[in-house]
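So the structure is just underneath, and the comments pick up after that.
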Number of protein chains: 2
Amino acid sequence: MSRRRRNAARESKLPPPEDGEPRLSRASVGRFSLYLRHLQQFAREGLPTVSSGQLGLALGKTDVQVRKDLAYLGHLGQAGVGYQVQPLISALRHTLGIDREWKVAVAGVGNLARALLRYRGFGAQGFRIVALFDADAAKVGQSVDGLAVHAPADMTQVIADSGAELGIITVPSEAAQGVAEALAAAGIHGLMNFAPVVLRLPAHVSVINVDLAIQLEQLAFLVHLAASER
Amino acid sequence: MSRRRRNAARESKLPPPEDGEPRLSRASVGRFSLYLRHLQQFAREGLPTVSSGQLGLALGKTDVQVRKDLAYLGHLGQAGVGYQVQPLISALRHTLGIDREWKVAVAGVGNLARALLRYRGFGAQGFRIVALFDADAAKVGQSVDGLAVHAPADMTQVIADSGAELGIITVPSEAAQGVAEALAAAGIHGLMNFAPVVLRLPAHVSVINVDLAIQLEQLAFLVHLAASER
DNA sequence: GGATGTGAACGACTTCACAGCG
DNA sequence: CGCTGTGAAGTCGTTCACATCC
């Protein structure tokens, strides 16, 4: 391999080094969603404020880590009191970019797609599935949970009309790369990929891979490890 | 919060520091499954050996990182040649603890469970779903993909008979903690949890959380970030 | 007292640079 | 040469210790 050639994955750079301050880390962002989840729970319970210790306890993180993470959002905490729940929720949603609705297209209408359609968690966070695609002619034209299934050939048109910006790929592995390219070409900016393949796409398309077999393997490893230590 | 009290999550410790050598890192383990996936692909294509550069390229990692990770498995590489695919696959499967069959029970028979049942990726890696549970009396007794749906009350018996060691939770959030405890009490050692809650379980039960809304939020963040940089 | 915010120490992970082998 | 393996350096992330504020 030629020296000094960077063949590593383009990883979407985090924020511009910016002027000089707290520096948003990728690890923190990964926890923001989790904080948000629990804060929403606290809000439902009517708590007006929460301390870094309480939040950390609910999540299995230390109080210091919670404070370090939250520090990025600005000085939202009050010494001796804690953080006000509602402003913190707003700040997190703003930083994550989910203080608005995101429209989502789903390619591949199988059981997984059906499960996603009925999953309340998406809607609760502002995600709305607005378009379905499937290559199976028998499925095209059908309606699933009130949404019409479209043919891949109509993708560009349907995506444009629906305003979808994100895509979820639940097609078989073999078809995933092609479908991903089609979605990208149709103007989708981010893809959640359930197919166990590494997608190759232009740099302006973000991808999150959700490989369930890999997750299960990691679980097996943990159990295997625990067993071998006993 | 009292000083010096460790309220952080119990994270399953990695290997004992061991005698003196390569030290398996959590990050490496997270990539092992990915390596395995691609090696299996290379094997299907009939490649006898593969270099760290090739593997890295296929995965978006650097060649050095691949070598560092693989070094833990022992001296499997041949200088000037690369790694033999089959021995490497065996070593990875052995280290991950998946060089055998793992039996899995699924609690909550909805669309997601159905999708998992039909997902070929599990079987391909040696996972076999052997038991289904659902609290809905209307579903109990039914058969899904040839598997009977059992009542939660029969959990201990059915788990014991089936030999399941891992569990997948696809029940609604409210029910997740209770179901998790029941599965743990029935002898399950590891749980893959799809419900968006943090499960509290005895330390000997490993948990992997798969929160799809969080994943989608992370995707939205990436897209949001990319857009704000343009 | 009870909390936040943060430099500094520490540790984990990645990348560099290069020795060594086939 | 091409490619592996690995100390050393560098970067990123977490934890500690403590100043500070209500």
Side-chain angles (χ1 to χ4, degrees), chain A residues 1-9 11 13-15 17 20-32 34-35 47-57 59-85 87-88 91, chain B residues 1-11 13-15 17 20-32 35 47-57 59-85 87-88 91:
Chain A
M1 189 105 298
S2 71
R3 291 282 227 81
R4 195 49 50 83
R5 272 290 288 120
R6 173 155 264 68
N7 71 351
E11 302 232 327
K13 296 285 181 305
L14 223 50
E21 283 320 310
R23 180 64 176 168
L24 179 55
S25 87
R26 205 174 305 266
S28 300
V29 177
R31 283 183 295 262
F32 281 169
L34 211 49
Y35 293 148
L47 288 187
T49 70
V50 67
S51 73
S52 57
Q54 289 174 294
L55 237 183
L57 202 56
L59 259 107
K61 309 287 175 202
T62 67
D63 52 340
V64 191
Q65 181 158 71
V66 172
R67 286 202 298 281
K68 266 264 153 75
D69 286 341
L70 264 33
Y72 170 79
L73 305 172
H75 294 218
L76 274 78
Q78 296 159 264
V81 181
Y83 299 82
Q84 284 190 270
V85 172
L88 193 46
Chain B
M1 189 106 298
S2 72
R3 291 282 228 81
R4 195 50 49 84
R5 271 290 287 119
R6 173 154 265 68
N7 70 352
R10 66 191 144 81
E11 302 232 326
K13 297 283 180 307
L14 223 50
E21 283 319 311
R23 180 62 175 169
L24 178 56
S25 87
R26 206 174 305 267
S28 300
V29 176
R31 282 183 296 264
F32 281 170
Y35 294 148
L47 288 187
T49 71
V50 67
S51 73
S52 58
Q54 289 175 293
L55 237 183
L57 202 56
L59 260 106
K61 310 286 175 201
T62 66
D63 51 341
V64 192
Q65 180 158 72
V66 172
R67 286 202 298 281
K68 266 263 153 77
D69 286 342
L70 264 33
Y72 170 78
L73 306 172
H75 293 218
L76 275 77
Q78 295 159 264
V81 181
Y83 300 82
Q84 284 190 271
V85 172
L88 193 46

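Here is the naming used below: chain letters follow the sequence lines, and residue numbers restart at 1 for every chain. The structure displayed is predicted, hence computed values, not measured ones. All heavy atoms count here, side chains included; hydrogens, waters and symmetry mates do not.
Among the nucleotides dT15(C), dT6(C), dT4(C), the one closest to any side-chain atom of Q65(B) is dT15(C). Distances from the side chain of V64(A) to the nucleotides dC16(D), dC16(C), dT14(C) place dC16(D) closest.
When the side chain to side chain contact (heavy atoms under 4.5 Å, CB included) test is applied to L76(B), the partners found at least two apart in sequence or on another chain are L73(B), Y83(B), L88(B), A91(B).
What you find for V85(B) and L47(B) is that their closest heavy atoms are CG2-O, 3.4 Å.
Atom pair L59(A):CG and dT14(D):P shows a separation of 13 Å (rounding to whole Å applied). The distance between atom CG of L57(A) and atom C1' of dA3(C), rounded to the nearest whole Å, is 16 Å. In this structure, R26(A) places its CZ atom 12 Å from P of dT14(C), rounding to the nearest Å. Straight-line distance from the CG atom of L70(A) to the P atom of dT4(C): 9 Å, rounded to whole Å. Rounding to whole angstrom units, NZ of residue K61(A) and P of dT15(D) are separated by 9 Å. Distance, Y72(A) OH to dG13(D) C1': 17 Å, rounded to whole Å. The CG-P distance, from D63(B) to dC18(C), rounds to 16 Å in whole Å. Taking atom CG on L24(B) and atom P on dA12(C), their separation rounds to 13 Å, with Å as the unit.
For dG5(C), the OP1/OP2 oxygens have no side-chain nitrogen or oxygen of R67(A) closer than 4.0 Å. Taking side-chain N and O atoms only, S52(B) has no distance below 4.0 Å to OP1 or OP2 of dC3(D). Not one side-chain nitrogen or oxygen of S25(A) sits closer than 4.0 Å to the OP1 or OP2 atom of dC12(D). Within the structure, a side-chain polar atom (N or O) of H75(B) is placed less than 4.0 Å from OP1 or OP2 of dT6(D). Within the 4.0 Å cut-off from OP1 or OP2 of dT14(C), at least one side-chain nitrogen or oxygen of R31(B) is found.
Annotation: of the two residues near DNA chain D, Y83(B) and K68(A), the 5′-most nearest-nucleotide partner is Y83(B).
Among residue pairs with one or both ends in residues 68-81 of chain A, those qualifying as salt bridge (Lys or Arg N to Asp or Glu O under 4.0 Å) are R31(A)-D69(A); sequence neighbours excluded.
Atom OG of S52(A) sits about 11.5 Å away from atom CD of Q65(A), to the nearest 0.5 Å.
One N or O on the side chain of Q54(B) and one on the backbone of S51(B) form a donor-acceptor pair closer than 3.5 Å.
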Just do the side-chain contact (heavy atoms from CB on, under 4.5 Å) check on L59(A) and V66(A) with the steps written out, would you? CA-CA 10 Å; L59(A) 259 107; V66(A) 172; over 6 Å; no
Check the interface with nucleotides 19-22 of chain D: list each N/O to N/O pair with the protein under 3.5 Å, or write none.
unit_1	atom_1	unit_2	atom_2	d
dC22(D)	O4'	A79(A)	O	3.4

